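All chains are named by letter (A, B, ...) in the order of the sequence lines, taking the proteins before the strands, and each is independently numbered beginning at 1. Since this is a predicted model, take the numbers as computed values, not measurements.
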Number of protein chains: 2
Amino acid sequence: MPAPITEERNLADRETLLDAAEALFYERGIRSVGMDEVRAASGLPLKRIYRFFATKEDLVVAVLRRRDQRWRASLSAHVEQVAEPRERVLTMFDWLAEWFAEPGFRGCAWINAHGELGSQSPAVLAEVRAHKQAFHDQVAEWVGATGEPVTEPVLLLAEGAIVTAGISGDPAPAAQARAAAARLLGAT
Amino acid sequence: MPAPITEERNLADRETLLDAAEALFYERGIRSVGMDEVRAASGLPLKRIYRFFATKEDLVVAVLRRRDQRWRASLSAHVEQVAEPRERVLTMFDWLAEWFAEPGFRGCAWINAHGELGSQSPAVLAEVRAHKQAFHDQVAEWVGATGEPVTEPVLLLAEGAIVTAGISGDPAPAAQARAAAARLLGAT
DNA sequence: TACAGTAGGGAACGACCGTTCTCGACGTCA
DNA sequence: TGACGTCGAGAACGGTCGTTCCCTACTGTA
């Protein structure tokens with residue numbers, strides 16, 4: 001009866017689509033990227049894009065969700081190579097420093113999405129809050145293992161470093177935040 | 001020769017326009033607010049709006065610039081009521097707490113503008129960076145008076161508190177950042 | 001080889017955007 | 001009073017957006 005498009009190809013194309021959309025949205029903001037640019041960058045026909053995601057908003061949410069999984073997995077993988085709790089927390093800031101130095105770094109995709117769409121799209125707002133909550137819980141676990149009750153300030157230093165580096169283009173805030181976190185965690 | 005529109009009225013209407021645009025842009029983001037909504041909210045004819053500012057981008061920059069002056073003046077006025085240097089720095093976080101609790105608080109207008117337009121409009125990017133630089137310089141002065149070399153971490157705590165409170169809607173990060181700053185400034 | 005049904009490319013649609021233009025009303029000076 | 005110059009209101013313009021539709025090509029079945 002049909003015509004092809006195997007299940008594997010569907011999955012691969014979906015990733016291609018999310019890759020293209022994520023890169024465009026992160027670089028240029030969401031509203032300034034048209035669906036036709038997503039089509040051109042992904043190489044997929046508009047019809048298939050709209051079969052994957054019925055609306056642009058759905059695509060945005062899917063991009064944020066997949067980025068959240070990748071971002072937190074990368075952070076965890078990097079940080080959990082270090083066993084000692086205090087060093088483990090400080091290693092998070094080294095990971096941030098590497099991220100800040102990547103070409104095209106432009107701050108936190110969720111903060112950016114929140115500023116642009118947080119009051120316009122409840123779905124995007126929920127996705128942003130879910131990401132921040134997950135990040136919070138992860139950091140709370142790592143900081144908790146040190147026995148020092150400094151989860152919140154460590155988080156604020158990290159968030160502050162992300163936005164400051166994103167705006168200035170200078171990765172230095174990662175090291176500054178790391179040094180401050182080291183002090184809050186107590187001298188070794 | 002003429003018809004009226006005195007100079008005083010021009011100045012007053014310009015403020016009315018900036019008030020209306022600032023409220024709309026802050027609440028909803030910039031790109032999702034059309035010039036026709038700015039017209040309706042300000043009560044000014046489109047023709048006069050475009051005589052004040054030749055493009056929407058010019059209007060956005062003017063909104064950010066005026067907000068920067070008002071925001072920093074309000075912060076300074078609040079903080080400089082306190083003479084003792086260490087307390088003065090901590091008072092900044094009390095001011096942040098009051099700001100976070102205002103109805104409609106939705107984070108930092110400059111961070112939001114950067115995420116939405118930073119890569120699209122060099123003029124907006126420059127305005128955002130100018131604001132962050134001015135804030136940095138102000139905080140450096142206050143922290144410098146304490147003799148403790150903690151300007152950068154205090155700034156990161158403040159920025160982190162602003163974004164975290166903006167996304168979560170909870171003003172608690174101000175107090176958490178204040179407590180952390182107190183520790184970094186040393187016990188009294 | 002004829003057929004059914006879907007895929008892809010791209011035009012088309014209606015809405016809205018930033019910006020400009022038209023036009024009738026009006027205040028000001030000769 | 002009459003003519004000029006500017007004003008406000010809103011229509012109009014060209015472009016772009018998200019989304020849908022049309023039409024041709026093609027795959028797989030009998």
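Protein atom CG of B:Leu44 is 8 Å distant from nucleotide atom P of D:dG8, rounded to whole Å. In this structure, CZ of A:Phe53 is placed 15 Å from P of D:dG18, rounded to the nearest angstrom. Here the C1' atom of nucleotide D:dT19 and the CG atom of A:Leu59 are 14 Å apart, to the nearest Å. Spacing between atom CD1 of A:Ile49 and atom C1' of D:dT20 amounts to 14 Å, rounded to whole angstrom units.
Using a 4.0 Å cut-off between charged nitrogen and carboxylate oxygen, A:Glu127 and A:Arg65 count as a salt-bridge pair. Between A:Arg86 and A:Glu148, no side-chain nitrogen of the basic residue sits less than 4.0 Å from a carboxylate oxygen of the acidic one, so the salt-bridge criterion is not met.
In the set D:dG8, C:dA7, C:dG8, C:dA7 carries the atom at the smallest distance from any side-chain atom of A:Arg51.
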Problem - Contact pattern, 5' to 3', of nucleotides 15-22 of chain C - B, S or - by protein heavy atom under 4.0 Å - result: ---SBB-B
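Counting heavy atoms from C-beta outward, B:Arg129 and B:His114 have side chains that stay 4.5 Å or more apart.
Relative orientation of the A:Tyr26 and A:Phe105 rings is tilted, given thresholds of 30° and 60° on the angle between their planes. Classified by interplanar angle (parallel below 30°, tilted 30° to 60°, perpendicular above 60°), the ring pair B:Phe135/B:Trp71 is perpendicular.
The closest donor-acceptor contact from the side chain of A:Arg183 to the backbone of B:Leu184 lies under 3.5 Å.
The shortest distance between the side-chain N/O atoms of B:Arg48 and the OP1/OP2 oxygens of D:dC7 is not below 4.0 Å.
Using a 4.0 Å heavy-atom criterion, one finds that A:Arg39 contacts no nucleic acid atom at all.
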